[in-house]
Amino acid sequence: MNNSSSTLLLKTFAKRILFAFCMVLDFGAIVLDVQNAGKTGFGEDGFAEWFQEIQVFIAFLFLVFALKKNKTLQPAD
């Protein structure tokens with residue numbers, strides 16, 4: 001294996017680990033909501049809703065950085 005293919009393999013592996021970690025955090029937030037449902041009930045102020053808002057904000061930041069880095073992704077001028 002040459003250096004470029006091993007670098008690509010490591011980057012792909014790191015992305016998969018990051019995505020898996022995000023999924024674990026999602027399920028952890030849901031578990032916390034279920035455990036606390038007896039006290040507060042389910043609502044819009046649970047851990048899952050807060051974590052979803054944080055993830056949407058992080059996705060927005062990634063989009064902004066991608067658009068600044070690659071001008072061909074600009075939807076309109």
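The nearest pair of heavy atoms linking Ile30 to Ala48 is CG1-CB, 4.4 Å. Summarising the geometry of Leu32 relative to Phe47, their closest heavy-atom pair is CB-CD1, 3.5 Å, with the distance given to 0.1 Å.
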Residues 51-62 side chain polar contacts: donor-acceptor under 3.5 Å, at least two apart:
from	atom 1	to	atom 2	distance (Å)
Gln55	NE2	Asp26	OD1	2.9

For residues 13-23, please give each side-chain donor-acceptor pair under 3.5 Å, one per line with the distance, not counting sequence neighbours.
none

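Once rounded to the nearest 0.5 Å, the distance linking OG of Ser4 with CG of Leu9 reads 11.0 Å.
Taking Leu63 as the reference, Leu67 meet the side-chain contact (heavy atoms from CB on, under 4.5 Å) condition, with sequence neighbours excluded.
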